[in-house]
Number of protein chains: 2
Amino acid sequence: MDVRPDDLSDAPPTRAGRARPRGRGYASGDARRTRILNIALQEFAENGYRGTSLARIAERAELTQAGLLHHFRSKQELLVAVLDLRDRMDMAHLDLAELPLGGAAVLAKFTELAGHNQAIPGLVQLFTVLTGEAVTTDHPAHGWARDRYALLRASVAASLEAGVASGELRADVDPTAVAAQVFAMMDGLQLQWLLDPEHVDMAALFGDYVEHLLRRIRA
Amino acid sequence: MDVRPDDLSDAPPTRAGRARPRGRGYASGDARRTRILNIALQEFAENGYRGTSLARIAERAELTQAGLLHHFRSKQELLVAVLDLRDRMDMAHLDLAELPLGGAAVLAKFTELAGHNQAIPGLVQLFTVLTGEAVTTDHPAHGWARDRYALLRASVAASLEAGVASGELRADVDPTAVAAQVFAMMDGLQLQWLLDPEHVDMAALFGDYVEHLLRRIRA
DNA sequence: GTCTATAAGTTGATAGAC
DNA sequence: GTCTATCAACTTATAGAC
């Protein structure tokens, strides 16, 4: 009993039947949660929030839709959990905490990020699709998207500000403006790249932009 | 008979009851179609394709959902009609046909467009939301979005090319790259602006970008 | 050209057994 | 923690009367 039909790719659940002793140190529940989260992330990336159904996620995670809703009480709660997960992964990768780095260093970091992103279209698509959807005021991710950009802009602006203060960057650069433009360029190129990867070399175009930008704002 | 409940904003349909003579020159059907298209455009902009229902559009157009499907045989056909409508309106406004204009002139035109767009958030949102959704490969607007960018890039690249040929622009500019970057900046700023209009001055930021870009690529 | 009626399916969420 | 069963609502689309 308790065997699911055909197994699907993702890491199978830690399901050891009833033989497993009931000690408290075993995080099987968390493993399940993590698995659901990863699948949900893929589905939201592939079809957006509105285009994704709980049934589909549940099927891929090899449990029923009701079982899924035991771990996340609503679809919206699941979305929030996915966004939180991604944000934490991203922050770790970007080391935004250890900013400000001074002007040139932050920008170099983003160039590097653009290159890295070209290898993970799925994750890039998650942000592009969800952020696009989230423009709608009543979308559950609206606040998340708005706050995320505000934070990113502020963070990069602070770095540029430090660069100006240290004399590395020209005194007449507008840190907030440049920060907004850097993210705009990144997102816009991601969009064109996702739509037409063969004709748009995201990393090269972004690198080129940053190179000229640096030439302009460096002291 | 044939009276609808409470009237909703948009131009009322040309519904003159049965007294109307049945001559062939009367475009009442077209007026209805146009009204539906305008409402559908608003709804798609507000909620995306997946988030919009035919019933809602029909209600606002003051007919039934089945009545709506007499004019457009499917939801997808309606979407295509909306996109075509917008494309035609846009082409008219941008005069892409009368390009190439030479480098500086095209870019000035886009700066102007950014300013104009700030007055029509609804239409900007239509593109942003639908293009984001359309990143998904199986989305009905996927091909439209990809082809639209390809066309826009080619068109602007041709203008820049002409600018290079005439000696107005430096010989070392990469027209295709610059074209992609200009649209990326435009779209990225639109996204941030739609999410947070109070903190992002789209037109100013885009104008600033173009200004510096011109300084760099002008001969 | 518009309607009513309905098909046929999906959705997110809940109740309660085990 | 997971299941079955079920709900009420909503979806797009079609058939056929007027």
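Proteins come first, then strands; the chains are lettered A, B, ... in the order of their sequence lines, and each starts at number 1.
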Could you list all the side-chain hydrogen bond (donor to acceptor under 3.5 Å, both in side chains) pairs where at least one residue sits in residues 177-194 of chain A, not counting sequence neighbours?
Y149(A)-D187(A), Q181(A)-D208(B), Q192(A)-R153(B)
For nucleotides 16-18 of chain C, tabulate all protein N/O to nucleotide N/O atom pairs closer than 3.5 Å, reporting atom names and distance.
none

Both H70(B) and T52(A) contact DNA chain C. Which one's nearest nucleotide lies toward the 5' end?
H70(B)
Answer with base, sugar-phosphate or nothing: what part of the nucleic acid does L69(A) contact at a heavy-atom distance below 4.0 Å?
base
In whole angstrom, what separates [X]'s [atom1] from [N]'s [atom2]?
X      : N       : atom1 : atom2 : answer
K75(B) : dT10(C) : NZ    : C1'   : 13 Å
F72(A) : dG1(D)  : CZ    : P     : 12 Å
L54(B) : dT12(D) : CG    : P     : 4 Å
R50(B) : dT12(D) : CZ    : P     : 13 Å
L78(B) : dT11(D) : CG    : P     : 15 Å
L68(A) : dT14(C) : CG    : P     : 13 Å
L63(B) : dG1(C)  : CG    : P     : 12 Å
Q76(A) : dG12(C) : CD    : P     : 12 Å

So that I can tick it off, tell me whether R35(A) and E62(A) are bridged by a salt bridge, with the cut-off set at under 4.0 angstrom between side-chain N and carboxylate O.
yes
Tell me which nucleotide among dT4(D), dT2(C), dC3(C) gets nearest to the side chain of T64(B).
dC3(C)
Let's see if you can work this out: which of dA13(C), dT11(D), dT14(C) has an atom nearest to the side-chain heavy atoms of S74(A)?
dA13(C)
Do V200(A) and L195(A) have side chains that approach each other closer than 4.5 Å (heavy atoms only, starting at C-beta)?
no
Does S155(B) reach the main-chain N or O of L151(B) with its side chain, forming a donor-acceptor pair under 3.5 Å?
no
Among residues at least two apart in sequence or on other chains, which ones pass ring-ring contact (aromatic ring centres under 6.0 Å, His included) with F72(B)?
none
It should be established whether [X] places a side-chain nitrogen or oxygen under 4.0 Å from OP1 or OP2 of nucleotide [N].
X      : N       : result
R33(A) : dG1(D)  : no
S53(A) : dT11(C) : yes
R32(A) : dT2(D)  : yes

Which word best sums up how the rings of F44(B) and Y49(B) line up, parallel for under 30°, tilted for 30 to 60°, or perpendicular for over 60°?
tilted
Option passing side chain to side chain contact (heavy atoms under 4.5 Å, CB included) with L85(B) (candidates V80(B), D90(B), L37(B), T34(B)):
L37(B)
